[in-house]
Amino acid sequence: MDLLLDSMAREGFEQVVAIHDRWSGLRALLGIHDTRLGPAFGGIRRYHYRDEGEALRDCLRLSMAMTAKCAIAGLPAGGAKLVALEGPDVDWEGAYEHIGGVVESLGGRFYTGPDLGTGERELGWAARRTGFVTRPGAEGPGELAEATAEGVLAGIAAALRHLDGAEEWTRRRVVVQGLGAVGGRVAELLRERGVEVFGSDVDPERALAVAERLGIELVDPSRELDIPCDVLSPNAMGLVHDLTSTRLRCRVLAGGANNILAREEHADRLHERGILYAPDFVINSGALIRGATFHLEGRRLPVPEIGARIGRELERVLAAAAELSEPPARVAARMVEQRLAAAPPTPARAGAPGRAERDRRAGPAPLGSRA
Ligand code: NAD
């Protein structure tokens, strides 16, 4: 892997913070990617990483995805992510409190919230030390995973309309990978519309419980890619890479998971195969839209409004992609770049980003010339 500062410069990162707390045993990394459009938003992912390098790569990729999500959703916000390394000796209550202290020390440059391994209880611990945290439920903007699932459904609907002119839910077959907070709700929304749903989850107990509740058929997680279907909806982890991009047997790939494609080129492979990939950063921003609007504008957005907004954005992307005969992910990535480039030279907030942006535009200054 490249040296850290080289990677940061190449990808336009503003700040990466390594966090260690001797009291709780916390080891974590915070990436603040881009605050040109406004303060950075990103959840806390607590995960069993093989090593620190894997955690850093995940942190950087996820932070960049958050920037893209904010820009495409038209939010006055930027991207960040905090990843905490799962380990046997960590006092997690103390660890999340410590994270709260770190977030507070950034003074509103970074707002955090839920992600894999971090739910309401953990965010409550962090909230003892900071207000820059989005808590699901009554104390926050409202249910977050529900908003994400609504956006994913709106994305699936827009993709089907784009291909066939109508959703025609009752004749569709959808495979949902991951039946957790987002995937479980996506499966439920689809079942309510009469869709034939196949589900998979590596947690057999959870899989069984959801299957019984919704009346869906379970498939082995190793087989989810092989099932012929209208839509494959990844709602757990990324799943398209060199070995799998040729295996997919769906017409539409649209889900809530972050970084569904291992690399951007995989969007081209899917496009060549006639598979419509609805970019994850366009359709999985429901929770972000809800959280950022709550913090920045003091409003609780209704879930249907969020779904409609995401559906319209994907329609715009798909229409432009069709006109240019390009993969939607490429077109959406360009829209992100254009929105970032059009950010006002002085950011909405005073402080470090304004200085960083001025420096970036002015080019490197001679050594010793900066205060
Ligand atoms: P979750 O932990 O509630 O659910 C994830 C589920 O996926 C779990 O049940 C887990 O057992 C299962 N899983 C893990 N690996 C799997 C695999 N290889 N195959 C099948 N199942 C597998 O998490 P969530 O909140 O539902 O989030 C799911 C995904 O969506 C994550 O990638 C997350 O980053 C992304 N996302 C979530 C939100 C949100 O609002 N929660 C917002 C944006 C993006």
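Numbering of ligands and ligand atoms starts at 1, following listing order. Counting begins at 1 with the first residue of the sequence. Just so it is clear, the model here is predicted, and its values are computed rather than measured.
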Main-chain N/O of Ala236 paired with Gln177 side-chain donor or acceptor, under 3.5 Å: yes
By side chain to side chain donor-acceptor pair (under 3.5 Å) - contacts of Arg27 (at least two apart):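 By the side chain to side chain donor-acceptor pair (under 3.5 Å) rule, Arg27 matches no residue at all.
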Between Glu272 and Arg269, is the closest basic N to carboxylate O distance under 4.0 Å?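 Looking at Glu272 together with Arg269, the answer is yes, because their closest N to O distance falls below 4.0 Å.
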With a 4.0 Å cut-off, would you call Arg161 and Glu167 a salt bridge?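 The answer is yes: the pair qualifies as a salt bridge.
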What short N/O contacts, under 3.5 Å, does ligand 1 make with the protein, listed by atom pair and distance?
residue, atom, partner, partner atom, Å
ligand 1, 3 (O), Ala181, N, 2.9
ligand 1, 9 (O), Asp201, OD1, 3.2
ligand 1, 9 (O), Asp201, OD2, 2.6
ligand 1, 9 (O), Arg206, NH1, 2.6
ligand 1, 11 (O), Asp201, OD1, 2.6
ligand 1, 21 (N), Val202, N, 3.4
ligand 1, 26 (O), Ala181, N, 3.2
ligand 1, 26 (O), Val182, N, 2.8
ligand 1, 30 (O), Gly256, O, 3.3
ligand 1, 32 (O), Ala236, O, 2.7
ligand 1, 34 (O), Arg45, NH2, 2.8
ligand 1, 34 (O), Asn258, ND2, 2.9
ligand 1, 40 (O), Thr148, OG1, 2.7

Same cluster or not: Tyr111 versus Ile19, using hydrophobic residues (I, L, V, M, F, W, Y) connected whenever any side-chain heavy atoms lie under 4.5 Å apart?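 In one cluster: yes.
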Mark yes when over 12 heavy atoms from residues, nucleotides or ligands other than Arg10 sit less than 6.0 Å from its CZ; otherwise mark no.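 Yes, because the 6.0 Å sphere around CZ of Arg10 holds more than 12 heavy atoms from other groups.
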